[in-house]
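For ligands, and for the atoms within them, numbers begin at 1 and follow the listed sequence. Counting from 1, the numbers follow the sequence of the chain as shown.
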Amino acid sequence: MPPRDTKPMKTRHDTTRNAAEAALVTTDDQHDSSDTQAMALRARRRSDDRGCFIIRGARVIDPASKLDRVCDIVVAEGKVQSIGSGSRKAHADGATEIDADGLILSPGLIDPHVHLREPGHEHKETIATGTHAAAVGGFTSVCCMPNTSPAIDTPELVRFIYDRANLSARCRVFPVAAGTKGREGKEIAEILLMHRAGAVAFSDDGDCIASAGVMSRVFAAVAQTGSAFMQHCQEPTLTQGASMHAGTVSARLGLSGWPRMAEEIIIERDVRLLRHLRSPCRYHAQHLSSSGSVDIIRLARKDGLPVTGEVTPHHLLLTHDACDHYNTLAKVNPPLREKSDITALIKGVADGTITILGTDHAPHSAEEKSLPFEDAPMGLVGLETALPLFAESLVASGAISWPRLIALMTIEPARLCGLDALGLGSIKKGQTADLTLIDPKAKWTLDPAAMVGKSKNTPFAGRRLTGRAVATFVGGVLTHQDDALIDRTTESASHSMP
Ligand SMILES: [Zn+2]
């Protein structure tokens, strides 16, 4: 991995961070009416939201610094002011106190793989609605994929995403830019310029770069930026017209199948290409679905190649049986596979082969999902349910601990996308306060009608879930607060100076 410090990234990152923080402060301005009283109220709420919070008695888990203990955290002026105890005196005036007994305080969750659908598919999702869903799910940063219309394949479009996020986002938004022009897999895009404009990684997600020659050139270009290339691993000629996993269910339903091999061949090929590059770029295999893929990544990592793998909640919990009765809500790319794949994916997470968790949040309208199975678009929404679903599949199953789960959702994706250099993905004194307060025991039932994202295409409707984000802070701004938090919150009296 090229040393990040030598790259001229600091300024860009600083700009990015300032832009993201500015966005959160200006969000309310977009909705201000001319009513002065309402404006005054909003201004006060805004300063309160960015005010002082004392989070008492949470189990603070910061995998980056190996912190895992019950303590108090004070947040003021957008930053973590102190971690420890004895903060009662210093910050009591006018602070909001949160009794976090029994809760986990984690660095703000980071999703390296979302589709916000803007520009071009605003009927499915927008940056405003998608980041609202992110905040509710406990996410403070998301990396959005470039399969928009037009595709994010120029520096101007990278900047457009930052500009739109500044106007409407509830969390930090970092664009992942296309590796090839128009995501067509033919001509290499302006990778260096897009990197300078703020692209945090590169991907043609939604499609695979099928040509080994083009892939090799893209790897070489991405290597010069120090960023990662994120591959959507799907050999296209093996999956033409396929709408679900090639197995007994597809045979019974008379649907053409998407074999595991189509994923494995691409990862195998890419690893081989990387081995032949003098200084390979970092390589990230997105949304793994097949047991064989885990084996290929395990071997590559053992050989010291800069390869990472990602898994989604649905690939850890659902099999192709979910597509029965032509259930389009379970139609996703890559497809849901079999129990043996789930077992291998969980083992891959447990033994450190898979180090990144992503949602592949892929909103589609109800009209689109009500088409016949073969015509319906692939994908499901994930931001509002990822935390409890990962907790169920990985922690409740005994595969990993809460601290490891939090690492996979914070510092690991932060490192993948260079966000750790912005101070994201960890909790440190003096560092920007992106934090997620989690109730690991909260029990709830998923009701799509209660979801805040624009599209509700989830196969998990009606599922009993355990665990949820009860508060989300971005740069010290409260971007989401669960009703359950009200009983735990008290406003300290403001004392006047003697
Ligand atoms: Zn994909």
_Contacts of type side-chain contact (heavy atoms from CB on, under 4.5 Å), residue Ile188, not counting sequence neighbours_ = Ile191, Arg217, Val218, Ala221

_Glu368 bridged to Lys124 by N-O distance under 4.0 Å_ = yes

*Distance below 2.8 Å from the Zn ion (ligand 1): protein N/O/S atoms*: Asp205 OD1, His232 ND1, His287 NE2

*Flag the pair Asp439 and Arg468 as a salt bridge only when some basic side-chain nitrogen lies within less than 4.0 angstrom of an acidic carboxylate oxygen.*
no

Give the table of side-chain donor-acceptor pairs shorter than 3.5 Å for residues 132-142, with sequence neighbours excluded, one pair per line with atom names and distance.
from, atom 1, to, atom 2, distance (Å)
Thr140, OG1, Leu109, O, 3.3

*side chain to side chain contact (heavy atoms under 4.5 Å, CB included) assessment of His245 paired with Val332*: CA-CA 10 Å; His245 170 61; Val332 62; over 6 Å; no

_For His113, give me all partners under ring pair (Phe, Tyr, Trp, His ring centres under 6.0 Å), at least two apart in sequence or on another chain._
His115, His287

